[in-house]
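In this text, all values refer to a predicted model and were calculated from it rather than measured experimentally. Atoms considered below: every heavy atom in the structure, side chains included; atoms not considered: hydrogens, waters and symmetry mates.
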Amino acid sequence: MDDPYHNNVNQQMIETGDYTYTQDGGGGPDGYPYQTDYPKQDEDAASDATEGADEDDQMYEGEYQGIPHPDEIKEARRAARLEARRKARLAAQQEEEEENLPEQYESIMEDCGHGRFQWMLFVVLGLALMADGVDGFVVGFVLPSAEKDMCISNADKGLLGLLVYVAMMVGALVWGGLCDKMGRRKCLIYVLTIDLVFSFLSCFAQSYGFFLFFRFCSGFGIGGSIPIVYTYFTEFLQMDKRGEHLSWLCMFWMLGGLYASFTAWGIIPHYGWGFVIGTQFQMHSWRLFILVCLLPVLAALIGVYFMPESPRFLLENARHDEAWMILRKVHDTNWKAKGEPERVFTVTNIKTPQTQEDEFIEIQSDTGTAFQRWTVRKMTMLQQVMANVMSLSAPELRLQGLLLVVVWFCLAFSYHGLGVWFPDMIKYMQYEEFESKVRVFHRERVERFHFNFSLVNQIHREGEYIHDKFANIEIKSVKFEESLFENCYFEDIKSTNTFFENCTIKNTVFYNTDLWQEKFKNCRMENTTFLHPKKGCHLNFQEENDIVIYMVSFLGSLAVLPGNIISALFMDKIGRIRIIGGSMLASSACTFLLLLSFSQGAVICWQCLFYAVSVAAWNGVEVISVELYPCSKRGTAFGILNGLCKFAAIVASFIFAAFIGVTKIIPIFLAFAALVCGGLVALKLPETREKILS
């Protein structure tokens with residue numbers, strides 16, 4: 001094919017000294033300048049190195065100066081031009097295939113129908129989502145018991161909650177990116193396995209360090225479940241079913257909260273449901289609760305094992321035969337269940353764009369040792385994941401990405417911030433009520449008395465206890481200040497939030513108690529003996545405050561049911577944008593009702609209302625997040641957004657918790673501002689209910 005540029009060349013003769021060049025516009029037939037007439041050299045100018053050489057063996061003199069021969073230049077330029085044309089043709093062909101694949105895939109999914117296969121996958125992926133919901137509640141429920149069993153300080157207690165959320169954030173980022181390269185099903189199996197193994201190990205961890213490590217690893221695993229589950233299920237749904245059925249899928253996160261709250265309510269308060277081996281290994285009820293919480297993730301793992309890979313992922317990675325077999329299985333399963341087994345899967349050809357990245361991996365994997373091949377594959381996959389992340393900043397994705405970031409952050413900040421504020425506010429009200437009933441004893445003198453009843457919520461100042469016996473009792477929230485204990489005997493004592501400050505203790509024996517040095521602050525001890533001190537902090541058999549928290553979490557999870565149903569029914573009718581914007585703006589109005597929360601009952605009531613209204617926004621933002629991005633970037637984008645959600649939750653938990661007992665106005669205003677901002681930004685997002693997955 002002639003280059004039009006060459007057809008309009010102007011021949012020019014340029015004379016410079018003894019040399020003459022011909023310049024053909026772009027330079028001869030190939031468009032490049034080259035030397036066509038060389039100056040005649042004198043005989044004396046011949047190189048000594050070539051003297052006496054035959055004419056046939058005479059070499060091009062420019063080689064000595066490192067100058068390529070003009071013929072070599074022509075050949076190189078011609079090859080480069082042909083390679084550029086070949087790449088342009090391949091790019092055009094690939095672009096055409098990529099444009100045709102979404103429409104063809106949508107047509108295939110409509111032909112396969114929506115039936116038994118999608119409902120089986122719905123249950124399996126729902127269990128995986130339920131496992132994530134359970135994990136979100138586990139740490140909060142077991143912490144009051146675990147902190148007593150393992151003597152966790154307040155600082156370490158906060159570290160546990162922080163690290164679990166950090167692990168979930170990292171897990172969402174990592175597994176979201178990997179599922180675009182390794183496959184949805186494979187990554188989901190890895191995620192669930194990691195969560196199952198390390199959650200199981202955390203049940204038996206006797207030290208806080210090991211417990212923290214196992215929960216961190218468990219969080220890293222389950223943190224990747226949400227991006228994978230939504231991406232996986234979306235690619236088995238046709239356009240007119242996506243919004244509704246993805247919203248129904250969101251209900252499993254609610255079921256996870258209900259399951260965790262109900263089982264915690266029924267198991268953890270029964271402290272005696274366990275066993276002890278010696279003094280080192282203790283298996284109390286809160287550990288049994290963690291075991292029971294493994295049932296959803298175990299069921300999900302078994303179910304995913306029998307599910308196929310996403311055919312859309314396979315097609316994007318040029319695995320045509322595998323995708324065709326899976327699509328035929330989906331087709332046959334659905335129509336057989338509908339009573340039409342005679343319907344035949346008529347698709348014979350599906351366009352599958354081949355990528356250079358795949359070719360590179362295959363070429364490299366055919367050479368070297370097994371370790372070298374493994375290293376090449378993993379490093380190449382890491383490079384591809386990073387390239388995928390960077391590609392999200394492309395101009396066509398940048399604006400919608402920034403809008404989604406704002407919506408996700410604002411929604412997560414307000415939702416998780418108030419999620420921390422509600423139970424902490426209830427605990428603070430309980431604490432205030434408890435403190436208002438404290439009994440104060442001043443300068444009492446008790447001599448030769450046997451304390452065989454529990455001491456609860458008391459303060460003893462400047463008291464004297466002579467020849468007294470404290471045996472088989474529980475001391476809860478009791479403080480002894482500047483008191484004297486002389487010739488006293490303490491036996492089988494269980495204490496909670498009990499301290500001795502500036503006391504004098506003489507000739508006293510502590511036998512089989514959990515009173516140790518940390519509970520004696522600035523005390524003077526003379527001839528005092530500690531025999532067989534108990535290991536661990538030993539929590540109470542019944543904790544009324546914990547039971548209230550279980551009930552609050554249960555009601556909060558149950559309250560989202562109406563919002564889930566409404567959003568599922570109307571997601572495809574009124575659109576994602578109206579659902580998100582309307583839900584967030586309505587939720588912002590609900591936050592003002594929190595100013596009227598003067599009792600525990602009022603806080604619980606407004607909490608349920610807020611959750612019921614805001615859940616529709618969560619459903620909408622999760623649906624639109626998987627629809628806006630192309631298949632090759634869907635998991636990566638959703639993972640980044642979900643990781644941002646965990647980051648917002650971490651920030652909000654610190655900010656909202658700091659104002660407990662100080663003021664209600666600032667947390668409520670922050671939640672209101674975030675919801676209004678996110679709701680208004682959401683209205684600028686593109687509507688996707690009639691969008692074919694790209």
Side-chain angles (χ1 to χ4, degrees), residues 133 136-137 139-141 158 161-162 165 168 250 253-254 256-257 260-261 406-430 548-564 580-622 644-679 682:
F137 289 89
V139 171
F141 286 157
L162 173 63
Y165 262 95
M168 288 183 171
C250 296
W253 206 92
M254 173 204 72
S261 304
V406 173
V407 174
W408 271 85
F409 185 88
C410 291
L411 182 58
F413 180 84
S414 58
Y415 183 89
H416 290 288
L418 290 177
V420 171
W421 188 83
F422 286 130
D424 282 358
M425 194 65 187
I426 291 174
K427 288 182 179 179
Y428 178 74
M429 290 180 173
Q430 292 173 338
V548 172
I549 296 303
Y550 303 148
M551 182 187 69
V552 170
S553 300
F554 182 85
L555 293 177
S557 299
L558 187 62
V560 305
L561 180 60
N564 264 317
I580 300 171
S583 175
M584 293 185 73
L585 294 176
S587 300
S588 67
C590 293
T591 57
F592 280 104
L593 296 175
L594 299 176
L595 295 172
L596 305 176
S597 54
F598 301 109
S599 65
Q600 297 179 38
V603 173
I604 296 173
C605 178
W606 304 137
Q607 173 196 13
C608 293
L609 179 62
F610 175 78
Y611 284 165
V613 175
S614 62
V615 69
W618 278 113
N619 293 354
V621 78
E622 285 163 346
L644 178 72
C645 170
K646 299 298 188 293
F647 174 74
I650 294 171
V651 174
S653 63
F654 281 105
I655 295 177
F656 280 69
F659 292 100
I660 296 295
V662 179
T663 178
K664 293 186 292 186
I665 297 177
I666 294 179
I668 292 172
F669 175 77
L670 290 175
F672 170 79
L675 288 168
V676 170
C677 176

Could you pull out the closest heavy-atom pair between [X] and [Y], with the gap in Å?
{"X": "Cys250", "Y": "Asn564", "value": "CB-OD1, 4.0 Å"}
{"X": "Trp618", "Y": "Cys645", "value": "CH2-SG, 3.7 Å"}
{"X": "Ser557", "Y": "Ser261", "value": "OG-OG, 4.5 Å"}
{"X": "Ala674", "Y": "Ser414", "value": "CB-CB, 4.3 Å"}
{"X": "Val613", "Y": "Cys590", "value": "CG2-SG, 4.0 Å"}
{"X": "Met551", "Y": "Ile604", "value": "CE-CD1, 4.3 Å"}

TODO: Give a yes or no on whether the ring-centroid distance for Tyr415 and Tyr611 is below 6.0 angstrom.
DONE: yes

TODO: Taking the six-membered ring for Trp and the full ring for Phe, Tyr or His, determine whether the centres of Phe656 and Phe413 are under 6.0 Å apart.
DONE: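 When the ring centroids of Phe656 and Phe413 are compared, they turn out to be within the sub-6.0 Å range.
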
TODO: Look at the side chain of Ser588 and the backbone N and O of Phe672, then say whether any donor-acceptor pair between them is shorter than 3.5 Å.
DONE: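 Not at all, since once roles are kept as given, no pair shorter than 3.5 Å links the two residues.
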
Roughly how far, to the nearest 0.5 Å, is [atom2] of [Y] from [atom1] of [X]?
{"X": "Ile668", "Y": "Leu418", "atom1": "CD1", "atom2": "CG", "result": "8.0 Å"}
{"X": "Phe669", "Y": "Thr591", "atom1": "CZ", "atom2": "OG1", "result": "10.5 Å"}
{"X": "Phe422", "Y": "Leu594", "atom1": "CZ", "atom2": "CG", "result": "4.5 Å"}
{"X": "Ile660", "Y": "Met429", "atom1": "CD1", "atom2": "CE", "result": "9.0 Å"}
{"X": "Cys410", "Y": "Leu670", "atom1": "SG", "atom2": "CG", "result": "11.5 Å"}
{"X": "Lys646", "Y": "Trp408", "atom1": "NZ", "atom2": "CH2", "result": "7.5 Å"}

Heavy-atom distance under 4.5 Å between the side chains of [X] and [Y], does that happen here?
{"X": "His416", "Y": "Val420", "value": "no"}
{"X": "Ser553", "Y": "Phe137", "value": "yes"}
{"X": "Leu561", "Y": "Met254", "value": "yes"}
{"X": "Gln607", "Y": "Leu555", "value": "no"}

TODO: For Leu675 and Leu411, run side chain to side chain contact (heavy atoms under 4.5 Å, CB included): C-alpha distance rounded to whole Å, both residues' side-chain angles, the deciding distance at 0.1 Å, then the answer.
DONE: CA-CA 6 Å; Leu675 288 168; Leu411 182 58; 4.3 Å; yes

TODO: Flag yes if more than 12 heavy atoms outside Leu593 fall under 6.0 Å of its CG atom; otherwise flag no.
DONE: yes

Task: CZ (Phe409) with more than 12 external heavy atoms under 6.0 Å - done: yes

Open item on the list: Is there a side chain to side chain contact (heavy atoms under 4.5 Å, CB included) between Val407 and Met584? Walk through the geometry before answering.
Closed with: CA-CA 9 Å; Val407 174; Met584 293 185 73; 4.1 Å; yes

